[in-house]
Amino acid sequence: MKIVIVGGVAGGATAAARIRRLDEQAEIIVFERSGFVSYANCGLPYYIGNVITDQRNLTLQTPESFFSRFQVTMKVHHEVTAIHPEQNIVSVKNLETGEEFEESYDKLLLSPGAKPTQPPIPGTDIDSLFTLRTVEDTLRIKEYIDQNHPKSAVLAGGGFIGLELAENLRELGMEVTIVQRPKQLMNPFDPDMAAFIHNEMRKHGVKLVLGHTVEGFEQDETGVRILLKGEEPLHADLVVLAIGVTPDTGLARDAGLKLGIKGSILVNDRMETSIPNIYAVGDAVQVHHSVTGQDALISLAGPANRQGRIAADNLCGRDSRYPGSLGSSVIKVFDMTAAVTGLNETNAKKAGLDVDKVILSPMNHAGYYPGGKLMTMKVIFEKETFRLLGAQIVGYDGVDKRIDVLATAIHAGMKAPDLKELDLAYAPPYSSAKDPVNMVGFMIENIADGLLKQFHLEDLKALSERKDVTLLDARTEKEYEHGHVDGFVNIPVDELRERLHELKADQPVYVMCQSGLRSYIALRILAGNGYDAWNFSGGYRFYDAVENDRAMIESATACGMDQA
C-alpha cells in the first residue's frame, strides 16, 4: 500500500509515524511545502522572546531522522498543487528547483493546516508587517528584530498567538500594544473571566486598544502607521497580524471534496472525506464539539495529533473514531495561567442551552502552607440535568491541573454535583483536603438541593433599582470601607445573628462578601431564620475586577487608547 500525506507538523507527521508502526510494508511519502516537517508550533513565540534559545529545539524531527527511524520519505519544500481523485494521483512542485511531477497513491491523507487570516485591507504587504504560523515566519521576525532593534510593536489580534507574542516582545523591552475589534482578549473565555487576563496584561505594561477596527497599514520613514476606523492612527516599528487562522483548503476545494464551515474539509468520525481513499486531519477539518454536537473549527495541536492517529488506524484497516473536541487549552500570560475547556457561558447560551454557573476563588493549595495564591474558577452546567458544560480558570499554580480534571469529567459525562466525589491527591504544597474541583461539586450540589440560591453580576443593576429587597454586604467594616457596591448595607457575618432585627423579615436578602464563602454562611443563617436569602456568585473581588475592566475598556473606546 502506498500512502501520500500532504503536510507534516502535528497531524501529518503523527499519522506517518502511526502508519509505520501498524504496517511495516507500506510506502509512505510526506510532502511539506515548508522546510520543516515536524516542529513545535506552539513554541514559536518563545523562540522570538529568547526563552527558547536554540532553533534546533523547535524541530521535533528532520527528514533524515524520520527516515532513519520510520522509513518515511519526507520531502520538504514540495508543494502539492492538485489532487486528481479519479486517477489517484497528486501533482507536486519542487519549490527549490521548480520541477513539477506526479505521484500516485492508494490512500491520501490531507493535513494542510490553516493559514493566518489576511483581512482585505491595504498595507498588509509592507516589510515590517508579519504573520506568525511557521518556523520560517518565526525566523523572519527574529531576524528583523535582531537587525532593526524595534522599540515598539502593535499586534492586531488578541488570541493565543497575540498574547504569547505580546509577552515575549515585552520581555525583550518593546512597548507593546494589542488592538482588535472585539472588546475582549481570548474569545474562548467569557468577558468577565477575560477581565483577569486584561488586568495581567496591563500590569506588565501591555496597552490594550479593544473595540477598535484596523482599516489598513501605511509605511512611513519611522515605521508603520496602523489606521483605525474613526480614531487617530497608532504607530509602531513592528506589526504582527494575529487575528486568527483560516483553513487552508484550496487544494481540497479544487479536487471536489465537500467543504464545511469557513471552507473547512468535511470529514466523518473516521476522518474520511467525501471522496473514497482520501482522509483529512488537523486545523483544516470540521469537527463536532463534544458538548453540543454542533459543527466546529478547533485549531489546537492536541486534537490534530489525535486525528492523525485515528486516520492512520483507519488507513491501515482498523476502526478508530474521533468523538469530537472540547477545545481544552491553556496559556501562560506573564505570571498568570489561564485555561478553558468545553463551552463558555456565551456559547452555551448561543447553543440554546439553559445554563447556570458557579464562580469561586479558592487557593491553589492549603492556606496555611506558604505561597498560596487565589485562582478564579467559573464552571458552566445545564440547569435541569446538571450536566457539566465547560469551565474557565485564571490563576497561578495548579490551574492546569484543575482544568484537566474538569475536562476529564466533561468527557466522562459526569454530572456537576458528582465532582464532590472525586478522590483527588492532597498534600499541603499542592492542594487542600477539599480540592477546588471538589468545591465546585459541593456548591452545585447545594444548588441542586435548594441550599444555595444565587444572583449574578448581570442581576445587580435591576436589584439596585428595587425597593422591596435588602442588599447586604457580609464583609468586615474595614473591607466595606475599602470598597463596596452602592446600595449594599454592611453587617459582618460574625455579627449577623445578633443584628437580624435590622433586616426586614418580609424582604428577600441578597448577600455579598469578598469571595462568596462568608456570604453563603450568612445565607444559611438567614435561611435558618426564615429569610429568603440569595448569594452573590464570585464575591466583591470578582465584581471589582470585572467592573474596573469594563470601565477601562469603555474609557479606551471613548478616547482611543487603553491605559497600561
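Keep in mind that what you see is a predicted model, and the values were worked out from it rather than measured.
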Note, [X] side chain near [Y] side chain (heavy atom, < 4.5 Å):
| X | Y | answer |
| --- | --- | --- |
| Ile48 | Leu169 | yes |
| Ile178 | Val209 | no |
| Leu343 | Ile380 | no |
| Ser431 | Arg402 | yes |
| Glu421 | Met414 | no |
| Met375 | Tyr396 | no |
| Leu227 | Ile121 | no |
| Asp418 | Phe386 | no |

Which residue is it: Arg321, Arg306, Gln307? I am looking for the one with a side chain to side chain contact (heavy atoms under 4.5 Å, CB included) to Met271.
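Result for side chain to side chain contact (heavy atoms under 4.5 Å, CB included) with Met271: Gln307.
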In Val154, Val179, Leu234, the residue satisfying side chain to side chain contact (heavy atoms under 4.5 Å, CB included) with Val214 is Val179
Examine the side chains of [X] and [Y] and answer whether a donor and an acceptor come within less than 3.5 Å of each other.
| X | Y | value |
| --- | --- | --- |
| Asp549 | His198 | yes |
| Thr476 | Arg518 | no |
| Asp459 | Tyr510 | no |
| Thr376 | Arg541 | yes |

Under 3.5 Å donor-acceptor, [X] side chain and [Y] backbone:
| X | Y | answer |
| --- | --- | --- |
| Thr249 | Gly263 | yes |
| Glu164 | Ile331 | no |
| Arg387 | Val291 | yes |
| Gln294 | Ala296 | no |
| Gln392 | Met193 | no |
| Thr117 | Gly244 | yes |
| Asp435 | Leu424 | no |
| Asn490 | Asp473 | yes |
| Gln286 | Ile261 | yes |
| Asn438 | Leu422 | yes |

Can you tell whether the side chains of [X] and [Y] come within less than 4.0 Å, N to carboxylate O?
| X | Y | answer |
| --- | --- | --- |
| Glu171 | Lys332 | no |
| Asp319 | Arg270 | yes |
| Glu547 | Arg550 | yes |

For Leu526 and Leu503, run side chain to side chain contact (heavy atoms under 4.5 Å, CB included): C-alpha distance rounded to whole Å, both residues' side-chain angles, the deciding distance at 0.1 Å, then the answer.
CA-CA 10 Å; Leu526 291 164; Leu503 306 176; 3.6 Å; yes
Over 12 foreign heavy atoms within 6.0 Å of [atom1], [X]:
| X | atom1 | answer |
| --- | --- | --- |
| Glu384 | CD | no |
| Glu502 | CD | yes |
| His288 | NE2 | no |
| Glu175 | CD | no |
| Arg181 | CZ | no |
| Tyr430 | OH | no |
| Arg497 | CZ | no |
| Asp423 | CG | no |

Gap between atom [atom2] of [Y] and atom [atom1] of [X] - 0.5 Å precision:
| X | Y | atom1 | atom2 | answer |
| --- | --- | --- | --- | --- |
| Trp534 | Ser519 | CH2 | OG | 14.0 Å |
| Leu210 | Glu554 | CG | CD | 10.5 Å |
| Asp283 | Leu300 | CG | CG | 7.5 Å |
| Phe536 | Cys513 | CZ | SG | 10.0 Å |
| His212 | Ile226 | NE2 | CD1 | 13.5 Å |
| His289 | Leu326 | NE2 | CG | 6.0 Å |

Work out which heavy atom in [X] is nearest to a heavy atom in [Y]; give both atom names and the distance.
| X | Y | answer |
| --- | --- | --- |
| Ile447 | Phe381 | CD1-CZ, 4.1 Å |
| Ala391 | Ile403 | O-CD1, 3.7 Å |
| Met336 | Gly395 | CG-O, 3.2 Å |
| Val245 | Ser299 | CG2-OG, 3.8 Å |
| Met377 | Pro436 | SD-CB, 3.5 Å |
| Glu382 | Leu389 | N-CD1, 3.7 Å |

Criterion side chain to side chain contact (heavy atoms under 4.5 Å, CB included) on Val240 and Ile161, from CA distance to verdict
CA-CA 10 Å; Val240 179; Ile161 289 292; 5.6 Å; no
Applying side chain to side chain contact (heavy atoms under 4.5 Å, CB included) to Gln184 and Ile197, what does each step give before you reach the verdict?
CA-CA 9 Å; Gln184 72 162 88; Ile197 299 173; over 6 Å; no
Using the side chain to side chain contact (heavy atoms under 4.5 Å, CB included) rule, take Asp397 and Lys373 through it: C-alpha gap first, then chi angles, then the decisive distance, then the call.
CA-CA 8 Å; Asp397 292 342; Lys373 292 184 178 180; over 6 Å; no
Under 30°, 30 to 60°, or over 60°: which ring-plane class applies to Tyr543 and Tyr540, parallel, tilted or perpendicular?
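Judged by the thresholds at 30° and 60°, the geometry between Tyr543 and Tyr540 is tilted.
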Mind telling me whether Phe488 and Phe455 have parallel, tilted or perpendicular rings, with 30° and 60° as the class edges?
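If you compare the ring of Phe455 with that of Phe488, the planes turn out parallel.
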